[in-house]
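Just so you know, ligand 1 is whichever comes first in the structure, and atom 1 is the first atom listed for that ligand.
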Amino acid sequence: MPELPEVETTRRGIRGAMRTHRVTGMVLREPRLRWPVDPALVRELPGQQVLDVRRRAKYLLIELERGTLVAHLGMSGSLRVLSPATPLLTHDHYDLLLDSGRCLRFNDPRRFGCLLWVTGDPAEHPLLAGLGPEPLEPGFDTDYLAARARGRKVAIKPFLMDQRVVVGVGNIYASEALFRAGINPRRAAGRMTRPQFERLVQAVQAVLGEAIRQGGTTLRDYVNAEGTPGYFRQKLYVYERAGEPCRQCGAAIRQVVLGQRSTYFCPRCQK
Ligand SMILES: [Zn+2]
């Protein structure tokens, strides 16, 4: 599933090809995504200029003159900029045609992605309104995380993956950040020490930052905006390494289930 680094990689990949260009048309082949795509967009979008392509959590915000397209990649989606003449694949659901002669094409075999048109402030849309801060922006720091965790009995790993606490820290990155911070994923969030929160904030930012620089994680069929796979996978310390030796101490990596998600950690390095 595309996680925050993959979405950010996609944003960077499509922004340059879209910004300042005008939409000249839309081809909607399959409106039945997670929520139906409004067929009126085929008439609404042409003529509008793309002002910017931003990101909030795992949503891409394509800002046009009269509103914002809110796009999500779902479980298996990808957005690519290519020639409209590029032969269609089975799950190519829409094209946004641009005055540059190229198009933004969305492919999504499982159709959990979405494309919504929002005319007000997208930050107030129900999908975005309750979200916590961005992990790589100033609102996410030691004071914030410690305050949110106070009194909480939930384990630190599901706490960190709660989108109301901080957005975009998926299963891979939560596991990897906790390893780097030396924190056992089963520790109660409210029982963490201040130095642990400090290390965790730094580790989350380092892990996500590295993944973005390297173009996202190679997992299953993910490809970035140019269609090339990312290559973060070989740098993983614990994720999907159950039974293999810890890269730091040699102990066998353990797998447990926390909050219904597989969790990997080193019993010796993570306290
Ligand atoms: Zn270890």
Excluding water, the protein N, O or S atoms sitting under 2.8 Å from the Zn ion (ligand 1) are C246 SG, C249 SG, C266 SG, C269 SG
Could you tell me whether R102 and D95 have a side-chain N and a carboxylate O separated by less than 4.0 Å?
no
Residue pairs meeting salt bridge (charged side-chain N to carboxylate O under 4.0 Å, His left out), one or both in residues 56-78, sequence neighbours left out, come to R22-E65, E44-R66, R54-E63, R56-E134
- Is it true that E6 and R11 make a salt bridge, defined as a side-chain N closer than 4.0 Å to a carboxylate O? no
Contact check, side chains of F159 and L145, non-hydrogen atoms, under 4.5 Å: yes
**Charged N-O contact under 4.0 Å between R29 and D92** = no
I want to check something: taking the side chain as every heavy atom from C-beta on, are T119 and T68 in contact at a cut-off of under 4.5 Å? no
